[in-house]
Number of protein chains: 2
Amino acid sequence: MNLIPSRPVYIRSWGSVVGKKEYEGPLGRQFDSHDVTDTFGKDTFEKTEAEMQRLALDAALAKGKYRPADITALFAGDLVNQCIASHYGLLPFAIPFVGLFGACSTAAEGLMLSSLLTGAYANRCASVTSSHFCTAERQFRYPLEYGGQRPPTAQWTVTGAGAFVCTSVREDFREYTGTYLPRIMDVMPGRMVDGGINDANNMGAAMAPAALDTLDRYFANGHKPEEFDLIVTGDLGREGSAILGDLSEAKHLGITEKLTDCGKRIYDMETSDIHAGGSGCGCSAVVLAAELLGGIADGTLRDILFVGTGALMNSMSLYQGQTIPGIAHAVHIRGEAKV
Amino acid sequence: MNLIPSRPVYIRSWGSVVGKKEYEGPLGRQFDSHDVTDTFGKDTFEKTEAEMQRLALDAALAKGKYRPADITALFAGDLVNQCIASHYGLLPFAIPFVGLFGACSTAAEGLMLSSLLTGAYANRCASVTSSHFCTAERQFRYPLEYGGQRPPTAQWTVTGAGAFVCTSVREDFREYTGTYLPRIMDVMPGRMVDGGINDANNMGAAMAPAALDTLDRYFANGHKPEEFDLIVTGDLGREGSAILGDLSEAKHLGITEKLTDCGKRIYDMETSDIHAGGSGCGCSAVVLAAELLGGIADGTLRDILFVGTGALMNSMSLYQGQTIPGIAHAVHIRGEAKV
């Protein structure tokens, strides 16, 4: 079932922070800030990722001229064990905090909860999420120094953090410079779906069936694909996107032409050495917080369905013979004319 | 700020599943099910914990005569890396799923979100959380086989899973056997508070300042301690509870006589070898899902403030020289006469 915020909810401001590879990609200039050293001045990867969350929320708050006390609740999560990037990065804001884990779907999960709470209970809520190539590689795969080979289906974890402030207060847009206001029309929480994949280097295949399940339920629910300029999955990459394309055609969902994927948009898929595309909690977050919301604000995009995708595993579960369930949460965002 | 569900929300049913030590404790007979082998028939600790989540939700659904399709959204989390106990345990229900990480505060966090969404958007939502002594020890401290010494401030991770179904549909209580209906009156999301503790064997001290912060803000907000029969923290244990007592007296909160802690109630603090008391995501969940909601249903308790407490760390963050922030979410539950 899709859920509709009880009153109009808008994304007033957003922030994006990325590393070198992302800055050098096709969307590079659209991000708020970057560090070509990928360290942000910190001495461990985990501290760097935390710092990126702090900077992303800082950017989003600054653009909306918000103080931390204006935010009723903050939703955040990341991929590092026990989500410490979110904790250490967001601790200084002292905003009531709701910790999430949705693997790479966390950006959509946070926006979903943030908009629902803003729609019924709060003036404003915010959400933040992040990933870092180096924290993810050493935790989920191999130490970087080992120099392990990556198969063609492997994705490249995006070094990036994105933050979003939802508001129900129309006056917050007084100094807004965009032409259209990004409004969250409705959201749909996803179900876990296990397609039987047990290869940690093929996350796209693990997530595609979950994306299909959410899209299938969403379009059985009154909405039509024609309403959308783009249906943007989080990080299926080349492999997962192809699978979702095939699965949705077999189901006659009629979405093929609208489908695109943040994991394919963030890097140059031909020249950069990222194999199947970008992934990670930060991937969909920064693409949304730069290209997509930018496009809505200036009117080049009107309706998008943002479908955050996540692979729900850890390295131990694979050693124990488990397969990898996926999940996908959908957020429908529309550009509403600024009157 | 505390948040009040937009319409009346009740906890219709709840389930609790525990291990041997918990079954042998003072609340043993109040739990729905247990396994004296602590394995629940599974060959790894992680699979066991997942199975316990499945059994807990199964018990809660069965008591309310619910099918999975009756639940709009399911909120869950645990302590295992990337929350896999929740994922693998709850996958079979195919309920739209929202993953949480709030360390040991997750039971309160899940109830909070579950009640707010039920209050505005859904007929029913559910929440589940768990912990297992063996998954937690090997992940956060030492392999069990190592037989590490535990200092007096150390707590014992509860082997337990608790599940709760929130409803806004009064007719769901038609076959309810209790005398009073547990109603969620209001909730308050906590802020992260870092008291400078860096000892993974003294979680109580790390969490106590966060509990104080939440209680201080809650009682500055219109509510008075006299309204409550009990103010129940999640798992501060003996050490953390003593610290919270001192801190709240210094602030003249006037709550000392009402304070109690799930981590002290679940075990016999004199005879069982658990040092400072119980802890873990499952600790507060099973005490609430047995003793506390049982007490509300039969009228021995009327108003309780359930304050889930969590220590936000992982083992790596301590190696990197970080201290341990705490968090505490509050849920106010009242027994309402069944008319």
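The sequence lines fix the lettering, A, B, ..., with proteins before strands; numbering per chain opens at 1. Predicted model only: the values in this text are computed from it and were never measured. Atom set for the values below is all heavy atoms of this structure, side chains included, hydrogens, waters and symmetry mates excluded.
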Between the main-chain N or O of B:G99 and the side-chain N or O of A:E109, is there a donor-acceptor pair closer than 3.5 Å?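 At least one qualifying donor-acceptor pair exists.
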Do B:K47 side-chain atoms and A:Q320 backbone N/O form a donor-acceptor pair below 3.5 Å?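 Side chain of B:K47 to backbone of A:Q320, a donor-acceptor pair under 3.5 Å: yes, one is there.
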Counting only non-hydrogen atoms closer than 4.5 Å, does [X] touch chain B with its backbone (N, CA, C, O), its side chain (CB onward), both, or neither?
| X | answer |
| --- | --- |
| A:I327 | side chain |
| A:Y319 | neither |
| A:F75 | side chain |
| A:T106 | neither |
| A:M188 | neither |
| A:V80 | both |

Can you tell me which portion of B:T214 sits under 4.5 Å from chain A's heavy atoms? Options are side chain, backbone, both or neither.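 Answer is neither: B:T214 stays 4.5 Å or more from chain A.
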Taking the side chain as every heavy atom from C-beta outward, state whether A:Y121 and B:M1 have any atom pair closer than 4.5 Å.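 No, every pair of side-chain atoms sits at 4.5 Å or beyond.
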Separation between [atom1] of [X] and [atom2] of [Y], rounded to the nearest 0.5 Å:
| X | Y | atom1 | atom2 | value |
| --- | --- | --- | --- | --- |
| B:F101 | A:N81 | CZ | CG | 9.5 Å |
| A:L90 | B:R191 | CG | CZ | 14.5 Å |
| B:H87 | A:N314 | NE2 | CG | 10.0 Å |
| B:Y88 | A:D194 | OH | CG | 7.0 Å |
| B:M192 | A:F93 | CE | CZ | 9.5 Å |
| B:M313 | A:I84 | CE | CD1 | 9.5 Å |

Against chain A, work out which of [options] has the most heavy-atom pairs shorter than 4.5 Å and name it.
| options | value |
| --- | --- |
| B:L116, B:D213, B:T44, B:L74 | B:L116 |
| B:A73, B:A94, B:A103, B:A122 | B:A94 |
| B:L3, B:T323, B:I95, B:L91 | B:L91 |

Among A:R217, A:Q139, A:M112, A:M316, who wins on heavy-atom pairs under 4.5 Å with chain B?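 Most heavy-atom pairs under 4.5 Å with chain B: A:M316.
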Under a 4.5 Å cutoff for heavy-atom pairs, which residue among A:P189, A:G310, A:G102, A:S315 has the most contacts with chain B?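 The candidate making the most pairs under 4.5 Å is A:P189.
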